[in-house]
Amino acid sequence: MPGPVADGPGIPAPGRGAWLRRGISRDGGPLVEDREVVWLQAGPYYADSRGFAGITSFDGSLVRFHHLEGEPGEDTGALRWEGAHLVERGTNTDGSTFLEVWTPLPDADGDTGCWAGPGYRVVRVGPHVVHVDTRAGTYWRT
C-alpha cells in the first residue's frame, strides 16, 4: 500500500472535538463537499457520520482511524492545523489518497463519552452525538 500523502510528520488526533467537514479532495482532485459530515473524537474513540467508528492511534507522525463499527477499513493520515482548520492528508486502504478540511463545531464543551454494543457505537462530545451501526452513521445535537 502506498504511504500517506503528507508534508512531514503530523499531530495526534485532538483528545476531544466535534468537527464539520468543509471539503474533501480525492486523488488530487478539486476540494468539494456534497453532504454534511461530522467527526467526533472523545479520547481514543471516534465516530464519523459517514458510517464508521472506532479508535485512533498515533505513531508520532500519522493518525490511524481503525474502523471497529460500520463501514470496514482503516484510514491513515497526517493531521495539521492550518489556521482555524484541521487538515488531514492521507491514504485509504485501497491506495486512493484524500485531503479533508475540518472546522470545529461550536459548543463542543461538556460531557464526552463512547458507548458500544453488538453492532453499534455512539460517541458524544458536548451536545454533539454520532451513532454508527451496520447500516449507517447518524449525527444529531442534543
Side-chain angles (χ1 to χ4, degrees), residues 1-7 9-82 84-142:
M1 174 170 72
V5 176
D7 300 326
I11 61 171
R16 73 174 284 139
W19 308 91
L20 177 65
R21 190 175 74 182
R22 294 298 184 188
I24 184 168
S25 166
R26 297 182 192 283
D27 294 318
L31 192 66
V32 297
E33 189 56 73
D34 59 359
R35 63 181 169 154
E36 180 182 81
V37 176
V38 172
W39 156 40
L40 301 182
Q41 187 78 35
Y45 306 104
Y46 78 91
D48 188 301
S49 65
R50 288 174 284 187
F52 50 91
I55 59 169
T56 57
S57 62
F58 182 65
D59 68 6
S61 178
L62 301 172
V63 174
R64 283 187 169 61
F65 292 87
H66 308 276
H67 299 201
L68 301 178
E69 298 295 342
E71 180 183 312
E74 182 174 287
D75 307 320
T76 303
L79 292 171
R80 283 188 192 69
W81 284 105
E82 293 186 12
H85 302 293
L86 190 57
V87 176
E88 178 185 6
R89 288 177 172 81
T91 306
N92 294 305
T93 54
D94 66 2
S96 62
T97 62
F98 63 90
L99 177 142
E100 292 179 287
V101 177
W102 300 92
T103 57
L105 284 167
D107 305 321
D109 51 354
D111 294 333
T112 64
C114 176
W115 301 266
Y120 77 90
R121 186 170 298 263
V122 177
V123 174
R124 176 182 178 188
V125 177
H128 305 283
V129 178
V130 172
H131 173 273
V132 174
D133 60 30
T134 57
R135 295 178 312 250
T138 306
Y139 163 71
W140 72 92
R141 283 184 61 118
T142 58

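Side chains included, hydrogens not; waters and symmetry mates left out as well; all remaining heavy atoms used.
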For the residue pair [X] and [Y], what are the closest heavy atoms and their distance?
X      : Y      : result
Arg16  : Gly126 : NH2-N, 4.2 Å
Ala42  : Thr112 : CB-CB, 4.0 Å
Ala108 : Leu105 : CB-O, 4.0 Å
Leu79  : Ala13  : CD1-CA, 3.6 Å
Cys114 : Arg121 : SG-NH1, 3.6 Å
Trp39  : Pro14  : CH2-CD, 4.2 Å

Any [X] side-chain heavy atom under 4.5 Å of [Y] side chain:
X      : Y      : value
Asp48  : Val132 : no
Trp140 : Thr138 : yes
Gln41  : Val125 : no
Val38  : His128 : no
Pro104 : Trp19  : yes

For this session: In sequence, state the C-alpha distance, the side-chain angles, and the governing distance for Ser49 and Glu36, and then conclude on side-chain contact (heavy atoms from CB on, under 4.5 Å).
Result: CA-CA 8 Å; Ser49 65; Glu36 180 182 81; 5.9 Å; no
Problem set entry | Crowding at CZ, Phe65 (>12 non-hydrogen neighbours, <6.0 Å) |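 Enclosed.
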Exercise. Are more than 12 heavy atoms from other residues, nucleotides or ligands located less than 6.0 Å from atom CZ of Arg141?
Worked result: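 It does: Arg141 CZ has more than 12 such atoms within range.
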Exercise. Given the rule in the side-chain contact (heavy atoms from CB on, under 4.5 Å) test, do Val37 and Tyr139 qualify, once you have shown the distances and angles that lead to the verdict?
Worked result: CA-CA 8 Å; Val37 176; Tyr139 163 71; over 6 Å; no
Exercise. Is there a donor in the side chain of His131 and an acceptor in the side chain of Tyr120, or the other way round, less than 3.5 Å apart?
Worked result: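 Side chains of His131 and Tyr120: no pair found under 3.5 Å.
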Exercise. Side chains of Asp75 and His67: is there a donor and an acceptor less than 3.5 Å apart?
Worked result: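 Present: a donor and an acceptor within the cut-off.
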Exercise. Is it true that a side-chain atom of Arg26 and a backbone atom of Gly28 form a donor plus acceptor pair closer than 3.5 Å?
Worked result: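 Side chain of Arg26 to backbone of Gly28: no pair is present.
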Problem set entry | Donor-acceptor contact present, side-chain Asp27 to main-chain Thr97, <3.5 Å |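 Side chain of Asp27 to backbone of Thr97, a donor-acceptor pair under 3.5 Å: yes, one is there.
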Say you draw a straight line from [atom1] of [X] to [atom2] of [Y]; how long is it, rounded to the nearest 0.5 Å?
X      : Y      : atom1 : atom2 : result
Glu33  : Arg21  : CD    : CZ    : 4.0 Å
Tyr45  : Thr56  : OH    : OG1   : 10.0 Å
Trp81  : Leu86  : CH2   : CG    : 5.0 Å
Leu62  : Arg89  : CG    : CZ    : 13.0 Å
His85  : Thr103 : NE2   : OG1   : 6.5 Å
Trp102 : Leu20  : CH2   : CG    : 8.0 Å

For this session: Could you tell me whether Glu100 and Arg50 have a side-chain N and a carboxylate O separated by less than 4.0 Å?
Result: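 Here Glu100 pairs with Arg50 in a salt bridge, since their nearest N and O are under 4.0 Å apart.
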